[in-house]
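Along the sequence shown, residues are numbered consecutively beginning with 1. For clarity, every value in this text was computed on a predicted model and none was experimentally measured. For ligands, and for the atoms within them, numbers begin at 1 and follow the listed sequence.
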Amino acid sequence: MEKLHYVSTRNKKNALSSCEAIVSGISKDGGLFVPTHIPKVNNDFNELCKLSYKDLAFYIMKKFFTDFEDKELQNCINKAYDSKFDFKEIAPISIHNNIGFLELYHGATLAFKDMALSILPHLLTTASKKLSLDKEIVILTATSGDTGKAALAGFQDVDKIKIIVFYPKNGVSEIQKRQMITQNGSNTYVINIEGNFDDAQNGVKEIFNDKKFNELLNENNYTFSSANSINIGRLIPQIVYYFSAYFQMYNKNQINLGEKINVVVPTGNFGNILATYYAKEMGLPVNKLICASNKNNVLFDFINTGVYDKRRKFYVTMSPSMDILVSSNLERLLYHISDENDKLVSEMMNALSKDGIYCITDSMKEKLVDFYGGYASEEKTKIAINELYTNYDYLVDTHTAVAYSVYQDYLKETHDKTKTIIASTASPFKFTRSVLESIKINCTNMNDFELINIMSDKCELTIPKNIKNIETKTITQNLSCTKDSMRQVIKNILNIRG
Ligand SMILES: *Cc1c(COP(=O)(O)O)cnc(C)c1O
């Protein structure tokens, strides 16, 4: 097979190396980078199941980052998956009610974004060095709460990189906000933007596509890159933990090697579940990919009808990292299920931005058979938290609860006996109020910070080290802006006139 390269979902003519794709973040035509083929895992599972997380990460990522030297990639992996994580498994599996909960939240910021964002800065600096780039990289990111902090933590004080994070005024939790505005580092900037996550994300996308603004930056010796889940350097590291989860299930005598499993993923931007899809395409035995949405159920409708329609009310829910109307990474799935029809993907994406709606073809729809879409209301999310806690003494956050609730619906509907893992995407300590209220603990007159201690006491859980004492940390970030002044804020930060 020819060497793996990266092309845009909207124009597959120009092939880029993985270094170029990582540094660019998004393609100039607005498309996302996708590999020219999805490599297969041919090795014996009997051998792979013995690998450490780091060795497995090397094995998987090496197949995608073909232009990295072994040493370079190993170095990135060693710097990423170290003692920042609380468990040697990095993402341990915990079994409750016969389900494997894949706990992706034991890193620096207590959410699954750490899995990819602890390695992306190292991939980026390595790629930049390999390409002999002399410009300073400016990471521009919109966050629905978790990405921002995880990116800030990952990039803090990394040489020749500045990071600018926009978070929406409406839709991040008090603790998420505090995590961000107490960020240290001489190269970190956190900005509160008027509006919701889609406003922030659209603003960032427009800036990435603004030729003039990019030129202005280049003249001043800067170049933009992205830490959002559209960067291929985030997507690929996420494939690793699905293999790791599978082998942990085997090592815990839950499955036989080769046996299929279901994977349930609480979904927002479609990045995490797309990694499951890539893992399946690589040869991981996956039966159903269960896509769980909250009340913002645009993906549920899409999977069931083939119509993506963003013209709907936006809800702020208690699972804010999934409050999204435009799931960016879905574009990559469209590319793959359309047999790499870049022209068709372009048309659909144009229709989405122009009319707010597109419809996939019948043959594309047929390729969605392995996906199951469901969603959970706010009430059902609370019930899920309460049920898991009361019956199985296991406390989950609101996002994981959405996944659990959708999986219960799936079971009722299908009676499928396939072993299942749920991607557990955040620590309950990140969403204390919603979680405690769900298990009927009175939270009135208490702030979110006091609730951390209440959760620890009542549920007999240790407070994760990275959230301890967050209330008394010094606030270091205080910038804010409107949708229309994002460019000006960036110019001010970079000291650019004109
Ligand atoms: C980002 C996030 C999600 C959604 O993941 P996507 O890759 O955007 O689909 C779910 N849960 C939590 C806690 C998150 O931070």
The residue among Thr420, Thr414, Thr418 that forms side-chain hydrogen bond (donor to acceptor under 3.5 Å, both in side chains) with Asp416 is Thr418
Side chains of Tyr394 and Asn97, heavy atoms from C-beta outward: is any pair under 4.5 Å? no
Which residue, Leu152, Leu140, Thr188, forms the side chain to side chain contact (heavy atoms under 4.5 Å, CB included) with Val165? Leu152
Against the six-membered ring of Tyr59, is Lys63 placed for a cation-pi contact (under 6.0 Å from the centre, within 45° of the normal)? yes
On a heavy-atom basis, which atom in Pro320 and which in Gln176 lie closest, and how many Å separate them? CG-OE1, 4.0 Å
Can Asp409 and Lys380 be said to form a salt bridge (charged side-chain N to carboxylate O under 4.0 Å, His left out), step by step? CA-CA 10 Å; Asp409 290 346; Lys380 283 180 89 171; 2.9 Å; yes
By chain and number, the residues contacting ligand 1 below 4.0 angstrom (heavy atoms only) are Phe112, Lys113, Asp146, Pro266, Thr267, Gly268, Asn269, Phe270, Gly271, Asn272, Ser321, Met322, His399, Thr425, Ala426
